[in-house]
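Fair warning: this is a prediction, and the values are worked out from it, not measured in the lab. Residue numbers start at 1 and run along the sequence shown.
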Amino acid sequence: MDQPWLPYARATLADEDTQALASVIASEWVGPGPEVERFEAEFAARIGVQFAVAMSSGTAALHAAAHAVGVGAGDHVIVPTLTFCSTANVILFQGASPLLADVDAETLCLDPDDVASRITPETRAIVPVHYGGHPCDMDALCAIARERGIAVIEDATHAPGARYRDCAVGTLGDVACFSFHPAKHLTTGEGGIATTNDPQIAKRLQTFRNHGISADAQQRDHADAYSYEMVELGLNYRMSGLSAALGRAQLARLDAFLERRRELVHRLTKGLSGIVGVGLPVVRPDVEPAWHLFWIRTQERDELYHLLRNRGLGVNVHYRPVHQQPYYRARFGDRDGAFPNAEAAFRELLTLPLFPGMSDADADRVIHEVRNAVQITRAGSTGPALPLEVASCRASS
């Protein structure tokens, strides 16, 4: 490898972030407190909701959201199988069962028709995952939920700033969850947040993240009271003041981050179009993606994966379907073939580098290396090499 490593994702940090952290350190209030409240208020305003409840991770936000809408023992919750395992894991932690569903073959978002076919009398909630930052078909999914009186938990961990029709992602379900992992659009180091317009859900989120205690330390201090009441079983999912300060500094630059991601996606799409057997992301006309991930689809995925990593590109795969994870196979049995779109996607998906700190030269390097790797792979195959330039760019499946 003769070029620097280019990961698939990287946090974009600046002097503003250092200054924000230094300010909180100087205040000596580095734990939960006023900085967290300010971050919550600013994030709620940015998304366009009444309440935002900051958590220690995106997974914590999903767990708290499942609790807040009443998911419990014996319930079923519909989750796409093509997602990070935490989306399903939090349902198990609530004593409920994740009912896995297939995804749309093009957008890789939860398929409403498959969801409708898997509803049971015990279904308590649906969890649409806005895969890669592309919003799900929320009109169809919310209609299914409303008809049956069940909740919608948006897994928006890939999608801050995305829009569905005229609405912001994070405002479309009963509650939505975002992630601030370093690979995401903005980072708090680790962290997450849940958004809602329902005051009862907001209160349950706040209580659950604080051990199930009805008032936090700051509220007791303001009331000059030492006593507290644990009213339900909860966990310590609180965000620190340090994390919130970093989040506030990052949130102020979210629009710039999103715009840079769009510019890079346009450059990558133009440069990679027209390669036989290599598919590019499909964007529905009524959405504006947030572009967390940029991927290609090819039946030569494994060969390209190794070639590109040897050339210094930190390509990745998102994701192995949940039903194919060893834990889920052992617990629920072998269900290969039950989710054909997700399984086909997993065989072909390859995530390419995409983050705001990439330069145009970095994007051009990705384009060059992918085209070169495709040529090398096909030149080494038993059959004749396919041409790189053609009219269609849809992957075979």
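Between L82 and P321, the shortest heavy-atom distance links the atoms CD1-CG, 4.4 Å. Here the shortest heavy-atom pairing between C136 and L110 reads SG-N, 4.0 Å. Counting all heavy atoms, side chain and backbone alike, L242 lies closest to L21 at O-CD2, 3.3 Å. When all heavy atoms are compared, the tightest approach of I153 to C177 is CG2-SG, 4.3 Å. Taking both residues in full, the closest heavy atoms of L272 and R371 are given as C-NH2, 4.1 Å, listed atom of the first, atom of the second, then distance. Here the closest non-hydrogen pair linking A66 and I91 is CB-CD1, 4.3 Å.
Taking CZ from R261 and CD from E259, the interatomic distance works out to 12.5 Å, rounded to the nearest 0.5 Å. With rounding to the nearest 0.5 Å, the separation of CZ in R38 from CZ in R248 is 5.5 Å. Note that CE of M358 and OG1 of T12 are 11.0 Å apart. Values are rounded to the nearest 0.5 Å. To the nearest 0.5 angstrom, L293 atom CG is 13.0 Å from H134 atom NE2. One distance of note links CG of L350 with CD of E303; it measures 11.0 Å at 0.5 Å rounding. Atom NZ of residue K203 and atom CG of residue D198 lie 13.5 Å apart, to the nearest 0.5 angstrom.
In this structure a side-chain-to-backbone donor-acceptor pair under 3.5 Å is present from N197 to Q50. Between the side chain of S57 and the backbone N or O of G191 there is no donor-acceptor pair closer than 3.5 Å. With hydrogens and angles ignored, the 3.5 Å screen pairs a side-chain donor or acceptor of Q94 with a backbone N or O of V71. A donor-acceptor pair is defined here as one N or O able to donate and one able to accept, closer than 3.5 Å; such a pair exists between the side chain of T87 and the backbone of F84. Judged purely by atom type and a 3.5 angstrom limit, R148 uses its side chain to pair as donor or acceptor with the backbone of I144. Remark: the backbone N or O of H323 is paired with a side-chain donor or acceptor of T81 at under 3.5 angstrom. Side-chain atoms of T196 do not come within 3.5 Å of backbone N or O of I201 as any donor-acceptor pair. In this structure, D174 contributes its side chain and V152 its backbone to a donor-acceptor pair below 3.5 Å. Between the side chain of N341 and the backbone N or O of V103 there is at least one donor-acceptor pair closer than 3.5 Å. Checking side-chain atoms of D362 against main-chain N and O of S359 turns up a donor-acceptor pair under 3.5 Å.
Between R301 and V317 there is a side-chain heavy-atom pair separated by less than 4.5 Å. When side chains are defined from C-beta on, F355 counts as touching L6, because their heavy atoms get closer than 4.5 Å. Residues R238 and V36 fail the side-chain proximity criterion, which asks for heavy atoms closer than 4.5 Å. Contact annotation: the side chain of I296 never approaches that of E348 to less than 4.5 Å [non-hydrogen atoms, C-beta and beyond]. In this structure, S214 and Y228 have side chains that are not in contact, with every pair of non-hydrogen atoms separated by 4.5 Å or more. Between V127 and T83 there is no side-chain heavy-atom pair separated by less than 4.5 Å. Using a 4.5 Å heavy-atom cutoff, the side chains of T188 and F39 are in contact. Between M239 and F180 the shortest side-chain heavy-atom distance falls below 4.5 Å.
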* Take V315 and L352 through the side chain to side chain contact (heavy atoms under 4.5 Å, CB included) test and state the conclusion after the steps. => CA-CA 5 Å; V315 294; L352 303 182; 3.8 Å; yes

* Go through R118 and D102 one step at a time and tell me if the salt bridge (charged side-chain N to carboxylate O under 4.0 Å, His left out) criterion holds. => CA-CA 10 Å; R118 297 179 189 272; D102 208 353; over 6 Å; no

* **Pair F294-L264, side chain to side chain contact (heavy atoms under 4.5 Å, CB included): steps then yes or no** => CA-CA 10 Å; F294 183 87; L264 289 166; over 6 Å; no

* Asked: What's the verdict on side chain to side chain contact (heavy atoms under 4.5 Å, CB included) for I150 and I119, showing C-alpha distance, side-chain angles and the deciding distance?
  -> CA-CA 10 Å; I150 58 181; I119 294 280; 3.9 Å; yes

* Let me see the working for R260 and D360 under salt bridge (charged side-chain N to carboxylate O under 4.0 Å, His left out), right down to the final yes or no. => CA-CA 10 Å; R260 182 56 182 160; D360 288 351; 2.9 Å; yes

* Tell me, with the steps shown, if N210 and Q206 meet side chain to side chain contact (heavy atoms under 4.5 Å, CB included). => CA-CA 7 Å; N210 189 39; Q206 292 162 350; over 6 Å; no

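Residues I275 and L304 are members of one and the same hydrophobic cluster, defined by side-chain heavy-atom contacts under 4.5 angstrom among Ile, Leu, Val, Met, Phe, Trp and Tyr. Follow the hydrophobic side-chain contacts under 4.5 Å out from F208 and you never reach F93; the two are in separate clusters. Under the 4.5 Å side-chain contact rule for hydrophobic residues, L172 and V175 do not share a cluster. M55 and F43 fall into different hydrophobic clusters, where Ile, Leu, Val, Met, Phe, Trp and Tyr residues are linked whenever their side-chain heavy atoms come under 4.5 Å apart, directly or through other members. I47 and V53 sit in two unconnected hydrophobic clusters of ILVMFWY residues. Membership requires side-chain heavy atoms under 4.5 Å apart, directly or through other members.
Donor-acceptor pairing under 3.5 Å is lacking for the side chains of T18 and D15. Looking only at atom types and distance, the side chain of T120 has a donor-acceptor partner in the side chain of H76 under 3.5 Å away.
Partner of W295 under the side chain to side chain contact (heavy atoms under 4.5 Å, CB included) criterion, out of L354, L280, L349: L349 alone.
Between D17 and R253 there is a salt bridge, with a side-chain nitrogen of the basic residue lying less than 4.0 Å from a carboxylate oxygen of the acidic one.
Taking the six-membered ring where tryptophan is involved, the planes of Y131 and Y319 are perpendicular, since the angle between them exceeds 60° and thus also 30°. Using a 30° and 60° split on the angle between ring planes, Y328 and F332 fall in the parallel class, below 30°.
Less than 6.0 angstrom separates the ring centroid of H318 from the ring centroid of Y8.
Seen from the ring of Y164, R284 does not count as a face-on cation partner, given the 6.0 Å and 45° thresholds.
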